[in-house]
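A short write-up of the structure that comes next.
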Amino acid sequence: MNILDRLIYWREKHISDKQFTLLLSFLVGVFAAVAAFVLHSLIHQIQHLLRAGFRMESFNWLYLIFPVVGIYLTSLFIKYVVKDNISHGITRVLYAMSRKQSHLRRHNTWSSVIASAITIGFGGSVGAEAPIVLTGSAIGSNLGQMFKMDNRTLLLLVGCGASAAIAGIFKAPIAGLVFTLEVLMVDLTMASLLPILIASVTACCFSYFFTGSASLFQFHMEGEWQFDRVPAVILLGVICGILSLYFMRVMTWCENGFARLKNRSYLRLLFGGVILSSLIFLFPALYGEGYDSLSIFINGRTEADWNQLLNQSIFAGHGELLVVYVGMVVLTKVFATSATNGGGGCGGTFAPSLFIGGFMGFFFSRVWNIHQIGTYIPEQNFTLLGMAGVMAGIMHAPLTGIFLIAELTGGYQLFVPLMIVSVCAYLTICIFEPHSIYAMRLAREGKLITHHTDHAVLTLMSLDSLIDRNYQAVSPDMKMGQLVHSISSSQSGYIPVCDDDNRLLGEIDITRLRHVIFRTELYNRFTVGQVMTPPAATLSVNDAMNVVMKTFDSTSAYTLPVLDEDGRLEGYITRSRVLTTYRQMVADMSDE
């Protein structure tokens, strides 16, 4: 017995599962905060080294080179070091929760940090949040696997990792909690609330220790909230919902285009690099996460402050084109993000959603004020409202948008307009798209865990654990007399008929042989192949449990065979065992 096994044995004797889960959630919070700090430090160091000598008053040709180099280095790192696909971090977390019993690979605890640091540091127009969420979730999953926790605890630890990642990177513990509830769709029960809170608060505290008490954005609210601004807030919310739909549709279209070049990595790098570097050269605000550009809108007070956004671009010195510049950035951000990931980079859509939301909020308020459409609306405040609105739309997470922006800026006085714009954006996007950008791919394939208890239980059930592999197969050439002896030793009502390679040919239904089984004169006349019948249906070891249940319902069968990927018989699964396990899991979830 090694040291880890001894530790597990001691833990099982002296510490209850609930207590140990709380301890693991604390460790997840610590490690997630460390990962967030390391990632942001790497990004800032790379950007500082690359951009230290850039001119502010005109464009810089190196913007055409750095993003391509970053994508290329990232693709090499993934291909030769990681040797696995680590894109779409949050989607991968959702998939692991739904189909892999929350098992994430060990390299996910570090690979996304390095890959996204290279991509974003060199200018990739993506966010660091999705890679950190994948990293935090992988930390929770691997800690749980190390100490042999059950699937339900693994699911909870994955949620703790995601919450800790958001709380650590933004210093926003409440946003981390609601992100797990809304985006990862982990049900909030008394058993899950405390571990998630511990992980979030721990990550937030350690982030304060690492980076100080300063928020990501320093915000000072301009004026008191006024009721006569409600129409403008509602209109902004609707626009944010439409912009979210635009972002999701265009990104899906771009991803499908790059997917056609799956086996042509150099073409992907060429197209992605050219698109990304060209857009960054024209609009340097697209470089990296873009939080520096958002800070200009949030902290600025005058035209001179806002015109800093035009620095290092071909628009420098042309303040009259600021609104046009901002509008073009809003429309092109999705292409820059898609080109980054499609070309071989690594990053998420969390930061891009905040980015285009903030830019849209500023664009909307500037146009409103320039044309004096109604009462004056502060550009700084509406920049934040736009961030919350687009996040709520793209992620289908209005609460996350509300609490993240409030915690991120300390702008709690904006709670009412934040709620209005987030709800309006969410209701608008739901008309066209019922799932978030992270969940829509999995939802179309029926692989998404949701708050619906029946569906959640089915996705958490493991088909492999329900298979009865204790069967005795017979060959199609066997005589009836020999079959009778096999029936006498069988524990089930079905006997599989397989060839020499264990491929299922049919099955013997004992209930259908009653009229001949006692006629000894027929024992040598018939073979198994003559009396076997085809199964009502077959299942695959990769089938989701909702497919299993639908198959049982459509065939009215009591027992169904399960085949592996090569068509060989794995065993049998019975309706009664599935329903018994299902009822027990529903009861367990209800008890919590």
Side-chain angles (χ1 to χ4, degrees), residues 1-36 93 96-97 100-110 132-168 173-174 176-177 179-181 184-210 449 456-457 459-462 464-465 581 584-592:
M1 181 180 293
N2 58 36
I3 296 177
L4 180 59
D5 290 335
R6 291 178 182 176
L7 181 60
I8 293 173
Y9 177 75
W10 181 89
R11 194 281 300 174
E12 291 175 345
K13 288 188 63 177
H14 296 89
I15 305 177
S16 68
D17 287 345
K18 288 186 178 180
Q19 292 172 332
F20 194 63
T21 300
L22 297 181
L23 176 60
L24 289 179
S25 66
F26 171 79
L27 294 177
V28 169
V30 174
F31 293 139
V34 172
V93 174
M97 293 168 63
K100 294 185 176 181
Q101 285 76 53
S102 302
H103 287 202
L104 287 163
R105 296 185 178 182
R106 290 184 180 179
H107 72 73
N108 289 132
T109 60
W110 55 268
I132 278 295
V133 169
L134 176 58
T135 300
S137 299
I139 290 171
S141 175
N142 281 275
L143 276 176
Q145 293 176 61
M146 181 187 300
F147 290 100
K148 301 180 180 179
M149 308 302 288
D150 58 43
N151 289 340
R152 287 167 54 206
T153 305
L154 284 181
L155 175 65
L156 177 57
L157 290 174
V158 167
C160 288
S163 294
I166 297 299
I174 299 177
L177 171 65
F179 172 84
T180 298
L181 304 182
L184 299 189
M185 290 170 280
V186 175
D187 280 324
L188 181 63
T189 63
M190 291 306 297
S192 63
L193 175 61
L194 191 55
I196 293 176
L197 277 177
I198 289 175
S200 297
V201 173
T202 301
C204 183
C205 290
F206 272 84
S207 292
Y208 275 105
F209 174 76
F210 292 138
I449 189 171
V457 170
T459 54
L460 290 173
M461 289 174 65
S462 170
D464 184 72
S465 65
T581 303
Q584 183 60 50
M585 292 185 68
V586 171
D588 291 342
M589 293 181 70
S590 300
D591 289 341
E592 294 182 355

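Along the sequence shown, residues are numbered consecutively beginning with 1. Just so we're clear, the structure is a prediction, and the values are computed from it rather than from any experiment.
Considering OG of Ser25 and CG of Leu156, their distance stands at 7.5 Å, rounded to 0.5 Å. Atom-to-atom distance recorded for Ile174:CD1 and Cys204:SG is 9.5 Å, nearest 0.5 angstrom. The OG1 atom of Thr135 sits 13.5 Å away from atom CZ of Phe31, with the distance rounded to the nearest 0.5 Å. Rounded to the nearest 0.5 angstrom, Leu27 CG and Leu157 CG are separated by 10.0 Å. Note: Phe20 CZ to Ile15 CD1 = 6.5 Å, rounded to the nearest 0.5 Å.
Taking the side-chain contact (heavy atoms from CB on, under 4.5 Å) definition, one finds that Ala32 meets it with Ala164, sequence neighbours left out. Shown here are the side-chain contact (heavy atoms from CB on, under 4.5 Å) partners of Gln145, two or more places apart in sequence or in another chain: His103, Ser141, Asn142, Leu154.
Put simply, the side chain of Thr202 never gets that close to the backbone of Gly29: no donor and acceptor are under 3.5 Å apart. Side-chain atoms of Thr109 come within 3.5 Å of backbone N or O of Arg106 as a donor-acceptor pair.
Under the 4.5 Å side-chain criterion, counting only non-hydrogen atoms from C-beta, Ser200 is in contact with Ile196. Counting heavy atoms from C-beta outward, Leu193 and Leu177 have side chains that approach closer than 4.5 Å. Contact of the Leu104 side chain with the Ser137 side chain is registered, since non-hydrogen atoms from C-beta on lie closer than 4.5 Å.
For the residue pair Ser207 and Gly168, the shortest heavy atom distance occurs at OG-O, 2.7 Å. Nearest heavy atom pair, residue Ile132 against residue Ala165, reads CG2-CB, 3.2 Å. Taking each heavy atom of Ala167 and Pro173 in turn, the nearest pair found is CB-CA, 3.7 Å.
Under the 30°/60° scheme for interplanar angles, the aromatic rings of Phe206 and Phe210 are found to be tilted.
For the salt bridge (charged side-chain N to carboxylate O under 4.0 Å, His left out) condition, the pairs that include at least one residue of residues 15-34, sequence neighbours left out, are Arg11-Asp17.
With Ile198 as reference, Leu22 is the one residue of Thr21, Leu22, Leu24 to meet the side-chain contact (heavy atoms from CB on, under 4.5 Å) rule.
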